[in-house]
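So the structure is just underneath, and the comments pick up after that.
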Amino acid sequence: MAHDAAHAHDAGDHGGHHGHPTGIMRWLTTTNHKDIGSLYLWFAGIMFLVAGSMALIIRAELFQPGLQVVNPDFFNQMTTLHGLIMVFGVIMPAWAGFANWQIPLMIGAPDMAFPRMNNWGFWVLPVAGALLIISLFMPGGGVAGGWTMYPPLFIQGGISYDMTIFAVHILGASSIMGSINIITTILNMRAPGMTLMKMPLFVWTWLITAYLLIATVPVLAGAVTMLLTDRNFDTHFFNAAGGGDPVMFQHIFWFFGHPEVYILILPAFGVVSQIIPTFARKPLFGYASMVYATASIAILSFIVWAHHMFTVGMPAAAQLFFMYSTMLIAVPTGVKVFNWVATMWKGSMTFETPMLFSVAFVCLFTIGGFSGLVCAMTPVDIQIHDTYYVVAHFHYVLVSGALFAIIAGVYYWLPKWTGHMYDEKLGKWHFWLSTISMNITFFPMHFLGLAGMPRRYADYALQFAEFNAIASVGAFIFGASQLIFLWVILKAIRGGNKATDQVWEGAEGLEWTVPSPAPYHTFETAPVVK
Amino acid sequence: MKKSTISSMLAATSGMLVSGAVWADYQLNLREPQSALARDVYDLHTMINLVCLVIFIVVFGAMFYSIWKHRKSVGHKAAHFHESTTVEIIWTIIPFFILIGMAYPATKSVLEMKDTSNPDMTIKVTGYQWKWEYDYLKDGVKFMSTLKTPREQIENQQAKGEHYLLEVDNELVVPVNKKVRVLLTAGDVIHAWWVPELAVKQDAIPGFIRDAWFKSETTGTFRGQCVELCGKDHAFMPIVVKVVTQEEFDAWLASKKQGAATAAAENTKTFTQDELMAKGEQVYNTNCAACHQANGMGVPGAFPAISGSKVATGPIDAHIKLVLNGKPGTAMAAFGGQLSEADVAAVVTFQRNGLGNSVGDMAQPSQVAGLKGGAEAAAPAGN
Amino acid sequence: MASQTGGYYLPAPSHWPIVGSVALLLMALGGTFMINGVGGGWLLWVGLAILTVMLFGWFGTVIRESEGGKHNKQVDLSFRWAMSWFIFSEVMFFAAFFGALFYMRVLSVPWLGSGDTLEQLWSGFNATWPTAGPGLEADGYKFTPMGAWGIPAINTLLLLTSGATVTWAHWGLKKGNRSQLVLGLFLTVALGLAFLSLQVYEYMHAYSELGLTLGAGAYGATFFMLTGFHGFHVTVGTLMLIVILGRSIKGHFTAEHHFGFEGVAWYWHFVDVVWLGLFIFVYWLV
Ligand code: HEA
Ligand code: HEA
Ligand code: CUA
Ligand SMILES: [Cu+2]
């Protein structure tokens with residue numbers, strides 16, 4: 001039924017009902033969730049190349065001990081912007097892109113609740129991105145205080161630091177608009193019969209993510225505002241001479257920052273929970289417990305923040321509290337991992353590229369989770385804090401976690417978006433090259449960290465030379481492999497085998513009932529979900 | 001082919017995990033612990049790694065078994081089950097108990113680490129961009145410790161030495177088997193003081209004192225580094241702790257006290273221009289060249305040039321005051337607390353008459369002392 | 001692309017968002033240049049002007065759509081969800097500053113005045129709230145904290161009354177009594193403006209007579225950031241009330257359909273509640 005309603009529109013009918021702008025104006029003024037989804041995804045892709053290139057500059061400098069490629073100040077600028085752009089300019093926009101494309105399709109809504117605001121939520125991002133990049137060319141150089149922006153170092157910097165603060169404000173505005181839109185869409189625009197506990201897990205994880213955003217992004221805005229006034233207007237929030245405390249910034253930052261890392265990973269859990277059942281041809285195991293686990297992770301994420309600060313000198317009671325609460329997160333996350341494995345168990349599995357990336361996700365994310373748990377043990381963290389061990393930890397959860405899930409999701413829905421099957425062979429090449437080189441890049445960083453190599457170092461002692469060289473080689477292979485991905489996407493946009501409506505044999509859900517590519521307008525008459 | 005690659009990947013990753021736990025000699029693991037506390041941390045880490053490894057093998061053993069057996073290509077038909085409350089409860093509870101097992105030894109170590117009571121000696125450590133100051137509180141011995149590796153090695157014009165980036169001009173010397181309490185603070189931005197072998201890492205926060213302790217059970221030299229991003233030379237402010245016997249320590253302390261007395265005498269001395277220039281160049285190279293550059297040209301946009309600077313060629317009192325009090329809100333720190341009066345006099349004289357400047361005047365320690373009032377209380381960093 | 005009659009209203013493509021983005025870019029650049037004194041600060045004002053045009057254009061469109069009957073029940077509910085969660089995000093923004101206040105009062109100031117920190121770094125510091133902090137006090141910085149029972153108490157009364165008048169106006173709207181609506185809104189706006197004038201006066205008093213400035217250490221920073229952001233929100237709220245007042249006079253809103261009014265009223269109550277927190281923790285319990 002839903003099927004027919006959607007089919008009534010011609011797939012090529014981009015014009016819609018009344019005259020739509022074409023060319024660039026179409027993209028600048030669009031109120032269509034699919035257009036906006038595509039914009040988000042392209043933006044994320046481009047920023048990935050930018051921030052990834054910065055990572056390659058980092059890895060080139062670290063290929064050998066000594067200073068070869070850049071000076072230490074520029075190195076720090078690269079580290080800072082790499083972190084900031086990857087987090088705020090790549091992963092978050094990519095997830096917003098998925099949300100825009102998929103949520104209305106998955107819940108049977110005609111569009112997002114606030115299409116105009118949806119447009120603005122996207123179009124402020126390039127502004128923030130431009131500010132970050134312009135800041136590199138300001139007198140005194142770009143921001144070099146780390147993505148965590150700790151004062152007083154951040155107070156010392158020049159013009160680019162203020163520019164970065166405004167960029168963070170604008171990124172925050174984007175996130176708030178995006179998440180209000182998503183929450184409202186999910187709560188108010190589900191098709192009849194689509195009860196909350198029937199929603200696809202991706203929708204659930206985004207609902208919870210949106211709440212995390214609304215609760216924490218304003219806190220980040222407050223924190224950077226205090227930085228701004230400390231820098232320019234003589235306040236003393238983070239200065240002991242005035243009764244303030246540099247560590248207070250860290251508390252406020254991480255109150256945002258820890259939930260932020262779950263903002264990056266919860267949608268990934270959602271995507272993987274869509275993909276694994278499809279290719280195992282078996283329903284997701286433990287749907288309800290997946291929902292509860294996601295919610296538990298989100299709630300716990302508010303009370304663990306100071307595990308990033310075990311070395312600031314907190315009282316023992318505080319250290320113990322944050323250690324225990326952090327360890328607890330392993331329980332609901334474990335439930336998720338076990339549920340994914342149980343979904344595969346006794347399925348009838350095939351391994352197309354989305355499934356390959358999802359399987360790698362489950363396995364490698366768990367490695368990252370385990371190293372997170374190692375970090376959570378206060379006495380051990382005191383050894384490995386601010387070393388490459390932490391860098392290894394968070395790249396496992398971010399690259400083979402968030403990023404791999406994004407890649408998996410792109411392969412999974414690309415046929416729905418473009419109407420063409422992607423090149424499976426190239427997809428497999430992309431998978432194997434990425435997975436192997438990702439491990440070559442980041443696994444040795446565990447050893448570096450344990451052996452004592454601090455992070456944010458432009459140069460290092462001789463005993464770290466071998467593993468750094470290996471990591472750098474891996475990074476360049478990993479980067480090059482992503483060019484295959486770009487090629488696969490462009491190829492699928494330009495042509496290829498026609499995709500069917502259902503695309504994947506085991507796929508279930510409303511989005512697979514509409515044609516491929518999904519028409520410009522879908523579900524103008526709500527489908528009925530039984 | 002696909003299956004074998006997957007399983008070899010699993011083998012490789014788990015192999016690497018194991019190696020993290022046992023191949024200590026290959027620097028795959030934490031450094032060899034040198035104190036009881038460090039050993040506890042080491043063992044705790046090994047224990048957690050093993051637990052994680054076992055879980056990993058069980059969970060991914062199951063997953064890869066399933067991937068092997070439950071494939072469509074071998075004709076496996078999908079089952080239809082999709083929930084089981086019992087199983088869900090079991091795999092919620094078991095990890096919970098495992099975690100309790102991990103938390104117990106960790107808690108003990110935390111409490112042990114935090115117990116800084118009854119130290120045998122107390123040393124105040126202050127981080128500056130980019131050097132450490134050690135102050136033996138009871139003994140009146142106080143000195144700076146800066147990177148000794150020559151610039152040429154860093155810039156690849158010279159072969160790198162054995163302790164590249166891990167060597168300093170003045171090491172922190174402590175006696176063996178004594179509980180040493182360190183009081184940490186910083187003069188500008190946050191730094192962190194870390195000696196891996198002794199399992200001590202503590203942030204140095206400007207305006208606050210935080211403490212930590214260590215007790216080395218062996219003599220030897222242990223090398224650590226600053227582990228909180230503190231600006232451009234963050235990678236170039238190592239920490240070297242030399243643990244010696246009590247006798248050696250006493251002898252060392254006595255000679256340091258002697259040195260301190262000579263240095264103090266310098267503050268009341270009147271120098272000649274040449275003496276000041278020679279001394280000033282040395283002070284400049286260790287303290288100022290990191291920013292203003294060895295040739296005095298600075299880094300445009302970030303650090304002003306001294307050559308031709310209005311301050312360095314203007315009234316001398318203003319110049320001395322700037323060096324003493326720094327410039328709040330910029331990287332220019334207050335050197336009044338770090339350098340002796342003689343050092344300040346020397347470096348100011350050097351900046352005015354070297355580096356392309358030729359004002360012709362000079363500063364004496366007494367003049368610096370006269371301008372110093374209240375400077376020490378000045379706010380560290382920020383405005 | 002308005003959907004079929006009775007369906008969820010979906011607006012056609014709009015150029016307002018991109019205009020807003022350009023405005024933000026100019027404002028950010030101009031703001032950065034201005035506070036760094038490098039010239040180009042005028043970009044801020046250009047950006048602000050564009051933003052104002054954009055807000056008028058955008059909200060004007062929404063109002064026309066609303067009056068044109070395009071917002072059905074479901075759209076109305078969307079607005080309610082959105083406004084609620086927007087206000088929640090604002091609550092979290094203030095939470096950051098309240099958090100800073102509590103942290104300094106309860107933790108950092110006492111730390112500075114005790115133990116090794118006091119002994120080694122700030123000897124002589126007497127850690128009592130309110131304080132300008134050990135460094136500033138050692139340099140002889142002095143200020144008088146703002147008393148609670150003068151202007152702040154009057155302001156509390158003004159805001160509480162305005163909460164009542166806006167509710168009274170709402171009753172009028174629901175009863176279809178338009179003069180009650182207009183009068184209620186008018187009083188609310190007047191009370192808001194009175195509040196703001198008193199606050200301006202209070203700030204001038206603080207700067208000129210009490211030595212209480214943004215630079216007055218922990219107390220000054222939290223005092224001005226909290227009351228300042230609150231004042232900014234009152235300003236925005238008052239502007240929104242003025243718009244609503246104008247619309248009421250023009251005959252907008254019906255007894256059943258008036259989310260524009262309610263959204264602003266919610267916002268006003270939120271501003272009110274924040275003030276109570278301020279009054280208690282910033283002014284009263286010093
Ligand atoms: C996607 C992002 C993401 C995710 C999901 C996580 C997940 C976790 N992180 Fe991580 N983390 C980061 C991103 C992320 N982190 C980043 C970016 C930083 C650095 C920031 C910076 O300083 O720049 C960081 C830093 C960081 C630190 C600070 C380290 C330091 O600076 O010293 C700590 C300390 O506790 C930590 C812990 C954890 C834990 C316990 C989890 C847990 O959620 C993991 C839970 C998962 C598992 C445990 C695996 C699966 C579970 C099972 C199979 C069940 C059975 C298991 C057991 C019983 C053990 N993380
Ligand atoms: C989601 C987030 C994310 C992602 C995806 C990545 C991806 C990568 N990261 Fe990063 N990283 C962070 C988040 C992320 N990182 C954060 C938060 C920090 C902390 C910052 C801080 O300390 O403040 C950090 C820090 C960080 C460091 C530590 C720097 C330091 O401490 O000084 C390093 C070092 O190796 C590193 C490396 C890499 C590499 C090699 C990749 C690779 O995966 C990137 C691969 C992508 C490309 C290479 C681009 C695509 C390809 C091209 C452009 C084509 C051209 C290339 C070729 C022809 C080869 N990252
Ligand atoms: Cu000092 Cu890093
Ligand atoms: Cu965290």
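Computed from a predicted structure; not experimentally measured. All chains are named by letter (A, B, ...) in the order of the sequence lines, taking the proteins before the strands, and each is independently numbered beginning at 1. Scope of the values below: all heavy atoms of this structure, side chains included, with no hydrogens, waters or symmetry mates.
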Euclidean distance, [Y] [atom2] relative to [X] [atom1], rounded to 0.5 Å:
| X | Y | atom1 | atom2 | result |
| --- | --- | --- | --- | --- |
| A/D381 | B/K201 | CG | NZ | 7.0 Å |
| B/D233 | A/D73 | CG | CG | 9.0 Å |
| A/F338 | B/T92 | CZ | OG1 | 8.5 Å |
| B/Y164 | A/Q463 | OH | CD | 12.5 Å |
| B/D203 | A/M309 | CG | CE | 9.0 Å |
| B/C230 | A/Y150 | SG | OH | 14.0 Å |

Which region of [X], side chain (C-beta onward) or backbone (N, CA, C, O), has a non-hydrogen atom less than 4.5 Å from a non-hydrogen atom of chain B, or is it both or neither?
| X | value |
| --- | --- |
| A/A376 | neither |
| A/S371 | neither |
| A/V362 | both |
| A/Q383 | both |
| A/M377 | side chain |
| A/A461 | both |
| A/Y460 | backbone |
| A/D245 | both |
| A/P332 | neither |
| A/Y324 | side chain |
| A/A144 | backbone |
| A/M314 | backbone |

So, [X] side chain and [Y] main chain: donor-acceptor pair closer than 3.5 Å or not?
| X | Y | value |
| --- | --- | --- |
| B/Q225 | A/P454 | no |
| B/N156 | A/L67 | yes |
| A/R281 | B/A78 | no |
| A/N76 | B/G231 | yes |
| B/H76 | A/G347 | yes |
| A/R456 | B/E228 | no |
| B/E155 | A/G66 | no |

Among residues at least two apart in sequence or on other chains, which ones pass ring pair (Phe, Tyr, Trp, His ring centres under 6.0 Å) with B/F208? none
Structural part of [X] lying under 4.5 Å from a heavy atom of chain A:
| X | answer |
| --- | --- |
| B/A106 | both |
| B/K77 | backbone |
| B/T85 | neither |

[Y] side chain reached by [X] side chain, heavy atoms, under 4.5 Å:
| X | Y | result |
| --- | --- | --- |
| B/I154 | A/D459 | yes |
| B/V59 | A/T366 | no |
| A/I382 | B/W194 | no |
| B/M113 | A/P379 | yes |
| B/F56 | A/C363 | yes |

Considering only heavy atoms and a distance below 4.5 Å, find which of [options] pairs most often with chain A.
| options | answer |
| --- | --- |
| B/I98, B/V41, B/L111 | B/V41 |
| B/F303, B/F96, B/W91 | B/W91 |
| B/T107, B/L44, B/L166 | B/T107 |

Determine the option with the most heavy-atom pairs under 4.5 angstrom with chain B, choosing from [options].
| options | value |
| --- | --- |
| A/G506, A/S289, A/G369, A/G157 | A/S289 |
| A/L284, A/L448, A/I159 | A/L284 |
| A/G313, A/P315, A/G334 | A/G313 |
| A/P72, A/A451, A/P139 | A/A451 |
| A/M344, A/M453, A/R455, A/Q77 | A/M344 |

Would you say A/F321 has more than 12 foreign heavy atoms packed within less than 6.0 Å of its CZ? yes
Residues at least two apart in sequence or cross-chain that pass salt bridge (Lys or Arg N to Asp or Glu O under 4.0 Å) with B/E112, listed by chain then number, are none
cation_pi(A/K282, B/F81) dist<6.0 Å, angle<=45: yes
Mind checking whether A/Y287 and B/H82 have ring centres under 6.0 Å apart? no
